[in-house]
Structure formats: C-alpha cells, structure tokens
Amino acid sequence: MQRQGCCFGARLQLAFLLLCRCCCCCCLAVPSRGWQGGGCAQLGRCCSGRSLACVSSGWRPDGSQGACYCDQACPRTWDCCHDYRQVCPVVSCKVSDWSEWSSCAEPCKATYRIRRRHIIQEPRNGGKTCPSLEEKAGCLEYWTSQGTECKQSFIPALITTGGYGKARKKRAVSSANERNGYCVEFQLTAITEGCLNGNSSYTHWMKYLSEGHRVCVECQHPALDSRSLHCSGDGSGAKKNQLLHWQAVGNPRCRGTWKRVRQLDTCSCPSVHSFLFI
C-alpha cells in the first residue's frame with residue numbers, strides 16, 4: 001500500500017509540474033499589451049505621403065501585431081505603429097511676423113510696395129503647409145529719391161485703404177508749411193466686379209466698396225498738392241452730380257465712378273468705409 005500511495009503521490013506531483021510548464025509556455029507565447037517591440041523608434045525615420053518602404057513591425061494602436069507603418073498616410077489607413085504619434089508628431093509650418101512695408105518700387109508712379117516674412121519651422125508629418133512669404137500692395141510716392149516733389153497730376157483718382165496713411169507719413173518729407181488734410185464724401189455709382197475678386201489680404205478692403213453707398217476719402221500730405229492744396233482727382237472743380245472716375249491702387253481691375261457729395265474739413269469717417277487718395 002505504501003508503494004502504491006507513494007507512486008500515486010509522485011504521479012500527482014509530476015502532473016502538476018507538467019501543467020505549470022504548459023501554463024508558463026502559454027504565457028510566454030502571448031506577449032502582454034504593454035510590450036513595445038519594433039515600431040517607428042526602431043525604424044528610425046518618418047515618411048511623408050504613403051510609403052510602403054516606411055514599414056516596421058510591432059503593435060498597432062488597435063492591439064494587433066505585425067507589420068506597421070510610420071508614414072503620413074497611416075492614421076487614415078489604421079496601420080500605424082504603436083509609437084507613431086510620439087516618434088512622428090504632426091508639426092505645422094511656423095512663419096515670422098510680417099516685415100514693415102517697403103517704399104514704393106518707383107517714385108511718381110502708381111506701382112507697388114512689398115512686405116515679407118520667413119519660415120521659422122518647416123512642416124513635418126502632415127502638418128499645415130507654409131503660407132505665402134511675400135505680399136505686394138499698391139502705392140504711389142509723391143517725392144523722388146532726390147527729395148523733389150513729383151509734378152504730374154493723377155486722374156482718375158487713385159485710392160487705397162486708409163491704413164496706408166501712417167506708413168506714408170513716416171517716409172514723407174516734412175514741411176513747416178504743411179497744410180492739414182481734409183476728407184471728401186462720395187456716393188459710389190458704379191463698381192467693376194474686379195473689386196470683389198481680390199484674393200490677397202491687402203485687397204480685402206476693396207470689398208467694402210458697394211454701389212450706392214457713401215464713402216469717405218481722405219486727402220493728406222504728401223498727396224496734398226502744395227500749389228493747388230487739393231488731392232489729384234478729388235473732384236473739387238467738378239459740376240454738381242458729375243460722374244468722376246476712380247481706381248483702386250494694387251488692383252487695376254477694381255475701378256468705377258462716383259459723385260462728389262461734400263468736402264469735410266474734419267475727417268470723422270468710419271474706419272471700414274474710410275479710404276485714402278494716393
């Protein structure tokens with residue numbers, strides 16, 4: 001009886017050891033979800049677009065194991081490696097602030113001015129692309145590079161946004177006899193469709209030109225002629241209800257006609273509908 005009991009105990013112990021070995025083998029065969037093998041860190045690169053060469057192995061975000069990718073398309077195809085977001089973060093383009101506007105390209109002529117900005121951070125991994133790095137806007141200088149005043153008269157009236165006035169005053173030649181400016185109120189009678197098609201930030205102001213509305217246009221130094229004490233094209237000598245022509249500087253397709261209503265010695269025009277003789 002003792003042999004049989006001994007044999008039975010030994011067999012039971014052996015069976016228990018075999019069961020444990022089997023369980024251990026099973027546990028080793030199925031890695032835990034926390035296992036972080038392979039992936040983008042092991043691949044060592046991130047790819048733009050969709051690249052079959054940008055493949056690694058490891059866990060995907062859904063928990064499946066096998067081939068996984070580290071390219072820009074993987075978030076849409078659901079086959080990224082588990083560490084894609086950490087190793088290949090989305091980085092959008094960053095640009096600097098705009099520079100100051102340059103002076104006009106040529107004096108005594110309706111032309112353009114330029115401002116620029118530069119890239120601080122290039123986009124990566126599907127980040128937002130860089131915007132335009134240069135903008136041009138219409139302008140006109142009334143002084144030559146030698147400091148003499150331009151002689152010609154500009155008709156039709158050339159107008160731009162009121163915001164240009166501050167930049168122009170900084171570059172203007174100051175004079176002790178400088179006369180204060182004035183504003184002229186006009187009623188717009190016709191506007192071309194070109195005023196609505198400006199797609200640059202510096203042409204957005206043209207959209208505030210609406211047929212039938214009244215607008216204020218300021219005449220200020222240096223556009224104020226030192227002899228006539230008027231801005232070119234302001235309609236000071238026009239007959240009542242006479243149609244006068246104007247054109248937006250910076251967009252030659254934006255032009256039209258208006259009627260002079262009155263002159264205002266004190267400018268108090270709303271900023272949205274305030275413009276400038278250039």
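Values below: all heavy atoms of this structure, side chains included; hydrogens, waters and symmetry mates excluded. Numbering starts at 1 and runs along the sequence shown.
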Asker: State whether the side chain of D71 and the backbone N or O of S51 hold a donor-acceptor pair below 3.5 Å, judged by distance alone.
Answerer: yes

Asker: How many angstroms lie between OH in Y112 and OG in S102, if you round to the nearest 0.5 Å?
Answerer: 8.5 Å

Asker: Can you find a heavy atom in the side chain of H118 that is under 4.5 Å from one in the side chain of L133?
Answerer: no

Asker: Testing the basics here: between F186 and D234, what is the closest heavy-atom pair and its distance to 0.1 Å?
Answerer: CZ-O, 3.4 Å

Asker: Which atom pair, heavy atoms only, marks the closest approach of E134 to R116?
Answerer: OE1-NE, 3.0 Å

Asker: Output the distance between atom CZ (R115) and atom CD (E100), rounded to the nearest 0.5 Å.
Answerer: 9.5 Å

Asker: Could you check if a side-chain atom of Q121 sits within less than 4.5 angstrom of a side-chain atom of V91, using non-hydrogen atoms only?
Answerer: yes

Asker: Cys pair C219/C231: SG distance under 2.5 Å?
Answerer: yes

Asker: Has H82 got a side-chain atom pairing as donor or acceptor with R60's backbone, closer than 3.5 angstrom?
Answerer: no

Asker: Sub-3.5 Å donor-acceptor pair from the side chain of N125 to the main-chain atoms of P89, do we have one?
Answerer: yes

Asker: Does one hydrophobic cluster hold both L52 and V55, with members joined at side-chain heavy-atom distances below 4.5 Å?
Answerer: yes

Asker: Please walk me through it: do V215 and F275 pass side chain to side chain contact (heavy atoms under 4.5 Å, CB included)?
Answerer: CA-CA 8 Å; V215 294; F275 305 102; 3.6 Å; yes

Asker: Could you tell me the separation between the CZ atom of R124 and the CD atom of Q72, rounded to the nearest 0.5 Å?
Answerer: 12.5 Å

Asker: After noting the C-alpha distance and the side-chain angles of E193 and C254, does the key distance pass the side chain to side chain contact (heavy atoms under 4.5 Å, CB included) rule?
Answerer: CA-CA 7 Å; E193 292 184 1; C254 180; over 6 Å; no

Asker: Take T189 and K259 through the test side chain to side chain contact (heavy atoms under 4.5 Å, CB included) and record every step on the way to the result.
Answerer: CA-CA 7 Å; T189 55; K259 294 179 182 179; 3.9 Å; yes

Asker: To the nearest 0.5 Å, what is the distance between OG1 (T160) and CD (Q247)?
Answerer: 11.5 Å

Asker: Applying disulfide (SG to SG under 2.5 Å) between C40 and each of C70, C88, C81, report the one that passes.
Answerer: C70

Asker: Working to the nearest 0.5 Å, report the span between CD of Q42 and CG of D83.
Answerer: 9.5 Å

Asker: Which pair of heavy atoms, one from C216 and one from L264, lies closest together, and at what distance?
Answerer: SG-CD1, 4.4 Å

Asker: Given the rule in the side chain to side chain contact (heavy atoms under 4.5 Å, CB included) test, do W246 and V217 qualify, once you have shown the distances and angles that lead to the verdict?
Answerer: CA-CA 11 Å; W246 58 268; V217 186; over 6 Å; no

Asker: Return the orientation label for the H230 and Y182 ring planes: parallel under 30°, perpendicular over 60°, tilted otherwise.
Answerer: perpendicular

Asker: Does R45 have more than 12 heavy atoms from other residues, nucleotides or ligands lying within 6.0 Å of its CZ?
Answerer: yes

Asker: Side-chain contact, heavy-atom cut-off 4.5 Å: L244 with T257?
Answerer: no

Asker: What's the shortest heavy-atom distance between F277 and A157, and which atoms?
Answerer: CE2-CB, 3.9 Å

Asker: Please name the pair of heavy atoms, one in C130 and one in E122, separated by the smallest distance, quoted to 0.1 Å.
Answerer: SG-OE1, 4.4 Å

Asker: Looking at L43 and S56, what are the two nearest heavy atoms and their distance?
Answerer: CB-CB, 4.1 Å

Asker: Is there a side-chain contact between M206 and N251, using heavy atoms and a 4.5 Å cut-off?
Answerer: yes

Asker: Is the shortest side-chain heavy-atom distance between V184 and R260 below 4.5 Å?
Answerer: yes

Asker: Output the distance between atom CD (E211) and atom CD1 (I191), rounded to the nearest 0.5 Å.
Answerer: 6.0 Å

